[in-house]
Student: 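Sharing a structure below in structure tokens format, with a few things to ask.
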Amino acid sequence: MIDRTVTDPAAAVAGITDGATVMIGGFGRAGQPVELIDALIAHGAGDLTIVNNNAGNGDTGLAALLAAGRVRRIVCSFPRQHDSWVFDGLYGAGRIELELVPQGNLAERIRAAGAGIGAFYSPTGAGTQLAEGRETREIDGRTYLLEYPIRADFALISALKADRWGNLVYRETARNFGPIMATAATTTIAQVDEVVPLGSLDPEAVVTPGIFVDRVVAVGARPWLQDGASAGGVDVEGRPLMVAAGGRADR
């Protein structure tokens, strides 16, 4: 019997080793697997390379992992925003390495890894500092940079529902990088609000088939995935982040 569910987030992240490359889903707070990140902090693995769209918000989730000193290097598109003070402090002190990748290239490099593509050419970044020392090629009169796939040892992603086979259904914006990260990692770990019986998920709604998922953990309904309070963090004036009922923030 196939059953990819595990009992709790601690069991889900067991086996993540020092020096591992870990993809973490999320677009800012939307779709960030906070419970898995907290479990990873408690687990203790360090010297990690993290692949994420951002470099943490406020003091929770990914930012807390950085603050714990567990991350040696981060690969991301938007390392700085108004509430990225944890990353800002670490980078300014030379305590973390950064590989800056334009967002489209980041997504395509991850997707290429899952699709088995050896490399591809992209025009994004050509003629900028990101192109220094890189292989280029002119195609139809336009300069392209050679980009290589990004693979990971582990992917931590968030979805709304799963069955015990690991089929995943996402919730709106929370979907973001989860589907492509699931295909690009050796071990994919998903946290969900609930695990439902086999046959409960509409096959047309399943975005990530269970063949790409190794572990699933149910963490219960999460306020940051529902209308109402967002998960952690503060605004630029230090006030807790909230959205009005019926709002669409941080899904």
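Note: hydrogens, waters and symmetry copies are ignored here, and every other heavy atom, side chains too, is used.
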Student: Can a donor-acceptor pair be found, under 3.5 Å and without considering hydrogens, that links the side chain of D193 to the backbone of K161?
Tutor: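 Judged by distance alone, no pair lies under 3.5 Å.
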Student: Side chains of I24 and L65: closer than 4.5 Å at any heavy-atom pair?
Tutor: yes
Student: Using side-chain contact (heavy atoms from CB on, under 4.5 Å) as the criterion, point out the one residue from E108, M23, R111 that pairs with I150.
Tutor: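 Only one of E108, M23, R111 forms a side-chain contact (heavy atoms from CB on, under 4.5 Å) with I150, namely M23.
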Student: Could you tell me whether the side chain of E147 and the main chain of S122 form a donor-acceptor pair under 3.5 Å?
Tutor: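 A pair under 3.5 Å: no.
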Student: Mind checking whether T208 and P179 have side chains closer than 4.5 Å, heavy atoms only?
Tutor: yes
Student: Take atom CZ of R134 as the centre, draw a 6.0 Å sphere, and report whether it contains more than 12 heavy atoms from other residues, nucleotides or ligands.
Tutor: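 Above 12, so yes.
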Student: Which is it for R151 and T21 under the side-chain contact (heavy atoms from CB on, under 4.5 Å) test, yes or no, and what are the steps along the way?
Tutor: CA-CA 8 Å; R151 299 178 178 86; T21 295; over 6 Å; no
Student: State, with a plain yes or no, whether a side-chain heavy atom of D59 is found less than 4.5 Å away from one of W85.
Tutor: yes
Student: For residues 70-79, which side-chain N or O atoms pair as donor and acceptor with protein atoms under 3.5 Å away, sequence neighbours left out?
Tutor:
from	atom 1	to	atom 2	distance (Å)
R70	NH1	I41	O	2.7
R70	NH2	I41	O	3.2
R72	NE	D47	OD1	3.2
R72	NH2	T49	OG1	3.3
R73	NH2	E99	OE1	2.3
S77	OG	V101	O	2.8
S77	OG	Q103	N	3.3

Student: Checking side-chain contact (heavy atoms from CB on, under 4.5 Å) between D38 and each of L36, V34, L40, which is the one that passes?
Tutor: V34
Student: Do N53 and N176 touch side chain to side chain, with heavy atoms closer than 4.5 Å?
Tutor: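 When only atoms from C-beta onward are counted, N176 and N53 do not touch, as no gap falls below 4.5 Å.
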Student: Test of understanding: clusters of I, L, V, M, F, W, Y form through side-chain heavy atoms closer than 4.5 Å, transitively. Do L90 and L48 belong to the same one?
Tutor: yes
Student: Can you find a pair of side-chain heavy atoms, one from V51 and one from L106, that are under 4.5 Å apart?
Tutor: yes
Student: For Y148, does its backbone N or O pair with a side-chain atom of R109 as donor and acceptor, under 3.5 Å?
Tutor: yes
Student: Between T188 (side chain) and F212 (backbone), is there a donor-acceptor pair under 3.5 Å?
Tutor: yes
Student: Would you compute the distance between atom CG of N167 and atom CG of L201 and round it to the nearest 0.5 angstrom?
Tutor: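 Atom-to-atom, N167:CG and L201:CG are 6.5 Å apart.
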Student: To the nearest 0.5 Å, what is the distance between CG on N57 and CD on Q81?
Tutor: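 The CG atom of N57 sits 5.0 Å away from the CD atom of Q81.
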Student: Does E35 use its side chain to pair, donor to acceptor, with the backbone of P9 at less than 3.5 Å?
Tutor: no
Student: With heavy-atom distances below 4.5 Å as the criterion, would you say the side chains of S84 and N54 are in contact?
Tutor: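 The answer is no, as the side chains (C-beta and beyond) never meet within the 4.5 Å cut-off.
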Student: L156 vs I16, test: side-chain contact (heavy atoms from CB on, under 4.5 Å). Steps then yes/no.
Tutor: CA-CA 11 Å; L156 307 183; I16 297 181; 4.2 Å; yes
Student: Do the side chain of N52 and the main chain of A55 share a donor and acceptor less than 3.5 angstrom apart?
Tutor: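 No.
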Student: Atom CD1 of residue position I117 - does it have more than 12 heavy atoms of other residues, nucleotides or ligands inside 6.0 Å?
Tutor: yes
Student: So, the side chain of R164 versus the backbone of M1: is there a donor-acceptor pair under 3.5 Å, distance only?
Tutor: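 Not a single qualifying donor-acceptor pair exists.
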Student: More than 12 non-hydrogen atoms from neighbouring residues, nucleotides or ligands closer than 6.0 Å to OH on Y121, yes or no?
Tutor: yes
Student: Excluding sequence neighbours, so at least two apart, what forms salt bridge (Lys or Arg N to Asp or Glu O under 4.0 Å) with D18?
Tutor: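 Residues passing salt bridge (Lys or Arg N to Asp or Glu O under 4.0 Å) with D18: none at all.
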Student: Is a side-chain N or O of Q32 found less than 3.5 angstrom from the main chain of S158, in a donor-acceptor match?
Tutor: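 Checked: no pair found.
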Student: Kindly compute the distance separating CD1 (I2) from OG1 (T5), expressed to the nearest 0.5 Å.
Tutor: 12.0 Å
Student: Say whether, by atom type as modelled, one donor and one acceptor occur between the side chain of D88 and the main chain of Y91 under 3.5 angstrom.
Tutor: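 Checked: no pair found.
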Student: Keeping R215 on the side-chain end and A12 on the backbone end, is there a donor-acceptor pair under 3.5 Å?
Tutor: yes
Student: Between W165 and V216, does a side-chain contact (heavy atoms from CB on, under 4.5 Å) hold up when you go through it step by step?
Tutor: CA-CA 9 Å; W165 286 354; V216 174; over 6 Å; no
Student: Any side-chain heavy atom of L98 within less than 4.5 Å of one from F87?
Tutor: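 Heavy-atom side-chain distance check passes, below 4.5 Å.
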Student: Any idea which heavy atoms bring F154 and G15 closest together, and the distance?
Tutor: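 Minimum heavy-atom separation between F154 and G15: CZ-O, 3.5 Å.
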